[in-house]
Novice: 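Quick one: the structure is below, questions incoming.
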Amino acid sequence: MKKLVVLCAACGVGKSTIAEVLSESNILDNYVCIDSDKVDINWWDYAGTENEAKFSDDCLAEAVRRSNDKNLFFSTCMNPYDYYGVVSIPQNITSTFFIGMTCSDEEITRRLKARPEERMCGSDEFIAGQIQYNAWFKKNAGKFQFYIDNTNRTVDETVEEIVRFIKSIE
């Protein structure tokens, strides 16, 4: 039985960066840190199909499988509402904690415009959707077990705060 800590945010907020730093540092030695972008399941294979909702199920199931017997730190765009209302939660997950993360709209725009074209994240329409989703996280900040706005924090400062939270739930 394992804990699941979900770092959730809009695209461009820094989820992948945080997961990468945590994974490389091994500071959370009893967790496997996995980003949804690294489970080798492509969102664009689901987008606009009748199986669109299954994307989160498949990503979470693969991340849980890869975590073996360790707890899972999972960074994803999935929010708590979808997790509890839509996603099939693997049975070996016994407790789930959500970290909501945001940054400024300007920072999201800058980061998404800088991504490689093949990621299909640089259009004004896509960015507007992520800024709207980011606003949802800000509006619902009090509903997360932990919330952080990383606009004026370094990656290391953000990681330190997240690690402090995770250690507090152990």
Side-chain angles (χ1 to χ4, degrees), residues 3-23 25 27-28 31 33-39 41 43-44 46-48 52-57 59-60 63 71-87 89 93 95-116 119-170:
K3 289 182 186 171
L4 170 63
V5 176
V6 180
L7 174 61
C8 49
C11 293
V13 173
K15 301 177 306 292
S16 298
T17 301
I18 298 303
E20 183 177 308
V21 169
L22 286 171
S23 183
S25 70
I27 194 167
L28 297 171
Y31 282 80
C33 301
I34 298 176
D35 181 74
S36 61
D37 290 345
K38 304 291 186 199
V39 296
I41 298 173
W43 159 249
W44 297 110
Y46 293 76
E52 192 170 292
K54 195 164 172 8
F55 174 76
S56 292
D57 289 352
C59 285
L60 180 59
N71 295 312
L72 174 61
F73 177 90
F74 187 53
S75 61
T76 179
C77 289
M78 177 177 52
N79 63 48
Y81 176 80
D82 289 344
Y83 178 78
Y84 289 112
V86 180
V87 174
I89 304 166
I93 299 296
S95 56
T96 303
F97 301 88
F98 280 90
I99 300 171
M101 190 167 72
T102 59
C103 67
S104 70
D105 296 349
E106 295 78 19
E107 190 63 18
I108 288 174
T109 301
R110 185 188 69 74
R111 291 175 183 176
L112 292 178
K113 290 276 186 192
R115 286 187 177 176
R119 293 209 45 200
M120 299 187 280
C121 298
S123 73
D124 291 341
E125 181 182 352
F126 183 84
I127 293 170
Q130 295 310 306
I131 288 172
Q132 183 178 11
Y133 194 35
N134 192 52
W136 179 91
F137 281 95
K138 290 178 180 180
K139 179 181 174 186
N140 290 285
K143 297 177 182 175
F144 292 92
Q145 286 93 356
F146 184 70
Y147 170 81
I148 186 168
D149 182 328
N150 69 2
T151 301
N152 296 314
R153 289 182 171 85
T154 65
V155 171
D156 289 340
E157 289 169 336
T158 304
V159 167
E160 284 176 26
E161 288 195 43
I162 289 171
V163 167
R164 196 171 16 256
F165 167 72
I166 293 172
K167 291 192 183 272
S168 78
I169 61 171
E170 292 183 334

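This is a predicted model, so every value here is computed, not measured.
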Novice: List in chain and number order the residues that pass side chain to side chain donor-acceptor pair (under 3.5 Å) with S95, two or more places apart in sequence or in another chain; answer none if no residue qualifies.
Specialist: none
Novice: Please confirm whether the backbone N or O of P80 pairs with a side-chain atom of K143, one donor and one acceptor, at under 3.5 Å?
Specialist: no
Novice: Hey, is the main chain of V155 close enough, under 3.5 Å, to the side chain of N150 for a donor-acceptor pair?
Specialist: no
Novice: By the salt bridge (Lys or Arg N to Asp or Glu O under 4.0 Å) test, which pairs, at least two apart or in different chains, include something from residues 146-168?
Specialist: R153-E161
Novice: Roughly how far apart are Y46 OH and S56 OG, rounded to 0.5 Å?
Specialist: 9.5 Å
Novice: Less than 4.5 Å apart, side chain to side chain, heavy atoms only: is that true for F144 and C8?
Specialist: yes
Novice: So do N71 and I166 actually touch side chain to side chain, heavy atoms under 4.5 Å?
Specialist: no
Novice: Check side chain to side chain donor-acceptor pair (under 3.5 Å) between E170 and all other residues, then give those that pass, not counting sequence neighbours.
Specialist: N30
Novice: Taking the side chain from S23 and the backbone from E20, do they hold a donor-acceptor pair closer than 3.5 Å?
Specialist: no
Novice: How many angstroms lie between SG in C33 and CG in L28, if you round to the nearest 0.5 Å?
Specialist: 5.0 Å
Novice: Kindly give the heavy-atom pair with the smallest separation between Y31 and F73, and that separation in Å.
Specialist: CD2-N, 3.8 Å
Novice: For the atom pair CG (L72) and CD1 (I34), what is the distance rounded to the nearest 0.5 Å?
Specialist: 5.5 Å
Novice: Kindly write out the residues that satisfy salt bridge (Lys or Arg N to Asp or Glu O under 4.0 Å) with K138, not counting sequence neighbours, or none if the list is empty.
Specialist: none
Novice: Could you check whether any side-chain heavy atom of V163 comes within less than 4.5 Å of a side-chain heavy atom of L22, counting everything from C-beta outward?
Specialist: yes
Novice: Is the shortest side-chain heavy-atom distance between L60 and L4 below 4.5 Å?
Specialist: yes
Novice: Enter the distance from I131:CD1 to F126:CZ here, rounded to the nearest 0.5 Å.
Specialist: 11.0 Å
Novice: About how many Å separate CD1 of I18 and CG of L7, when rounded to the nearest 0.5 Å?
Specialist: 7.0 Å
Novice: Measuring from I127:CD1 to N134:CG, what's the distance to the nearest 0.5 Å?
Specialist: 12.5 Å
Novice: For T76, give me all partners under side chain to side chain contact (heavy atoms under 4.5 Å, CB included), at least two apart in sequence or on another chain.
Specialist: V6, S36, F74, M78
Novice: Do K15 side-chain atoms and A10 backbone N/O form a donor-acceptor pair below 3.5 Å?
Specialist: yes
Novice: Could you list the donor-acceptor pairs under 3.5 angstrom formed between side-chain atoms of residues 97-108 and any protein atom two or more places apart in sequence or on another chain?
Specialist:
{"unit_1": "T102", "atom_1": "OG1", "unit_2": "Y147", "atom_2": "OH", "d": "2.6"}
{"unit_1": "S104", "atom_1": "OG", "unit_2": "E107", "atom_2": "N", "d": "3.1"}
{"unit_1": "E107", "atom_1": "OE1", "unit_2": "R110", "atom_2": "NE", "d": "3.4"}
{"unit_1": "E107", "atom_1": "OE2", "unit_2": "R110", "atom_2": "NE", "d": "3.4"}
{"unit_1": "E107", "atom_1": "OE2", "unit_2": "R110", "atom_2": "NH2", "d": "2.4"}
{"unit_1": "E107", "atom_1": "OE2", "unit_2": "R111", "atom_2": "NE", "d": "2.9"}
{"unit_1": "E107", "atom_1": "OE2", "unit_2": "R111", "atom_2": "NH2", "d": "3.4"}

